[in-house]
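Scroll down for the structure; my scribbles are underneath it.
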Amino acid sequence: MNFLNKLERRVGKYAISDLSKYLILGYILGYLIELINSDFINYLTLNPYLILHGQVWRLVTWIIIPPSGSNIIWTVVMLYFYYSVGSDLERTWGTFYYNVYIFMGMLFTVMGGFVIMGLSYIPGLGINTVMSYYGQSAYFQIVATYFSTYYVNMSIFLAFAATFPEVRVLLMFIIPIKVKWLGVAYGALLVVEMIGSNIIGRIVIAASLLNFVVFFLMTRSGIQRMSPHEVKRRHNFNKEVKKARPVTVSKHRCAICGRNSEDNPDVEFRFCSKCNGNYEYCQEHLFAHKHVQ
């Protein structure tokens with residue numbers, strides 16, 4: 001049994017069900033904030049310099065900053081896509097494992113911010129020269145713009161491609177293609193982007209890739225991989241189980257009228273000492289029944 005299995009036994013009950021839904025709701029809140037007052041977003045970004053100067057809420061609030069996108073229709077489509085793949089992963093892996101993957105990606109992103117901050121104070125590095133030119137406050141405000149949930153979302157897609165490699169999706173809504181090839185293409189794109197980026201961009205991209213690699217190394221024997229058909233079958237089975245009401249046995253039942261303590265919790269029930277056998281009656285029939293001899 002790996003470490004996560006043991007951890008799930010201890011704290012699995014605290015895992016957040018349907019986490020993808022809450023992420024999407026957070027994005028919607030972020031879009032509303034941008035629409036009402038775009039400057040206010042600057043108070044929510046992942047800025048390690050300001051975090052260490054007391055603005056600790058930034059450790060969490062950067063999560064609601066939505067992926068950039070000016071086309072509302074395209075944005076809605078992408079959010080629905082992220083919700084779909086995230087929900088499929090949660091149903092396949094289980095709520096606890098999916099929570100670990102998402103929160104670990106966020107943790108690595110925050111750690112990446114502080115790594116950049118540490119490197120900024122090392123003399124001789126180009127990053128230190130840039131900070132000296134802009135000044136600490138302005139420089140880290142620029143650094144904060146690099147961090148968003150974009151790469152966290154894309155790490156979800158990488159996980160989906162690794163879990164369901166044979167699933168077909170419609171590229172550009174027209175071309176059917178197996179999701180594993182999209183995953184390979186995205187991985188290659190990340191490598192190219194990393195090579196062409198500055199050190200800040202490389203650390204941000206590395207954080208998302210590190211999440212993907214570390215998680216799958218930790219769970220290489222802990223996650224049961226299933227086909228989409230099997231996932232759907234298990235999901236339907238769980239829904240039916242939740243619908244089914246367990247058969248309960250009433251603690252008290254009147255031998256005359258049949259009323260029970262489950263449906264009538266305010267009614268008192270008593271056994272009759274003059275009846276042969278364990279006959280119980282409600283308060284209305286306790287003294288108005290024929291004794292059983």
Side-chain angles (χ1 to χ4, degrees), residues 2-5 7-8 12 15-27 67 69 74-106 108-109 149-193 205-242:
N2 62 32
F3 166 74
L4 287 181
N5 284 340
L7 186 63
E8 183 177 15
I16 303 173
S17 298
D18 207 3
L19 181 58
S20 296
K21 178 180 68 176
Y22 297 110
L23 292 177
I24 299 302
L25 290 176
Y27 294 156
W74 177 250
T75 298
V76 170
V77 170
M78 291 306 297
L79 290 181
Y80 177 75
F81 176 75
Y82 289 138
Y83 174 76
S84 297
V85 298
S87 298
D88 285 341
L89 286 177
E90 182 174 349
R91 286 194 293 267
T92 305
W93 294 354
T95 299
F96 175 77
Y97 273 75
Y98 183 64
N99 274 230
V100 169
Y101 186 74
I102 296 298
F103 289 125
M104 192 165 67
M106 294 176 179
F108 281 142
T109 301
T149 53
Y150 171 77
Y151 289 108
V152 175
N153 287 334
M154 295 311 295
S155 72
I156 296 175
F157 174 72
L158 279 178
F160 182 81
T163 306
F164 304 106
E166 301 302 320
V167 168
R168 293 181 182 271
V169 296
L170 294 179
L171 181 63
M172 305 301 294
F173 305 103
I174 300 174
I175 307 171
I177 184 173
K178 289 185 178 181
V179 74
K180 65 180 178 182
W181 300 123
L182 290 178
V184 170
Y186 173 67
L189 181 64
L190 276 183
V191 173
V192 172
E193 188 177 347
I205 296 172
S208 66
L209 289 177
L210 185 62
N211 175 41
F212 174 78
V213 173
V214 170
F215 182 82
F216 275 86
L217 286 177
M218 292 173 62
T219 60
R220 60 188 182 275
S221 61
I223 292 182
Q224 179 183 4
R225 301 174 188 275
M226 294 182 292
S227 66
H229 175 74
E230 177 64 17
V231 172
K232 185 176 185 299
R233 187 201 63 78
R234 190 176 73 166
H235 178 62
N236 291 338
F237 173 77
N238 290 335
K239 287 177 62 177
E240 293 300 324
V241 169
K242 290 180 180 180

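Quick note: numbers below take in every heavy atom, side chains included, and nothing from hydrogens, waters or symmetry partners.
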Practice task
State, to 0.1 Å, how close L158 and G183 come at their nearest heavy-atom pair, and which atoms those are.
Solution key: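 It is CD2-O, 3.8 Å.
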Practice task
Indicate the atoms forming the closest heavy-atom contact of A162 with P165, along with that distance.
Solution key: O-CD, 3.8 Å
Handout entry: Candidate list L23, L89, N153, test side chain to side chain contact (heavy atoms under 4.5 Å, CB included), partner I102, passing option
Key =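 Option passing the side chain to side chain contact (heavy atoms under 4.5 Å, CB included) with I102: L23.
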Practice task
Would you list the pairs meeting salt bridge (charged side-chain N to carboxylate O under 4.0 Å, His left out) in which at least one residue belongs to residues 175-185, sequence neighbours left out?
Solution key: E166-K178, E166-K180
Can you tell me how far the [atom1] atom of [X] sits from the [atom2] atom of [Y], to the nearest 0.5 Å?
X    : Y    : atom1 : atom2 : result
Y27  : I24  : OH    : CD1   : 6.0 Å
F108 : L210 : CZ    : CG    : 4.0 Å
L189 : L182 : CG    : CG    : 11.5 Å
E90  : Y83  : CD    : OH    : 8.5 Å
D88  : S20  : CG    : OG    : 9.0 Å
Y98  : D18  : OH    : CG    : 9.0 Å

Exercise for the section: Answer whether the closest heavy-atom distance between the side chains of M104 and F212 falls below 4.5 Å. Expected result: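 No, too far: nothing below the 4.5 Å cut-off.
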Problem - Pairwise side-chain contact, F215 with W93, heavy-atom cut-off 4.5 Å (strictly under) - result: yes
Exercise for the section: Any chance you could lay out the side chain to side chain contact (heavy atoms under 4.5 Å, CB included) test for F103 and I16, step after step, and finish with the verdict? Expected result: CA-CA 11 Å; F103 289 125; I16 303 173; 4.0 Å; yes
Problem - Heavy-atom donor-acceptor pair, Y101 side chain to S155 backbone, under 3.5 Å - result: yes
Handout entry: Listed partners of F160 passing ring pair (Phe, Tyr, Trp, His ring centres under 6.0 Å), at least two apart
Key = F164
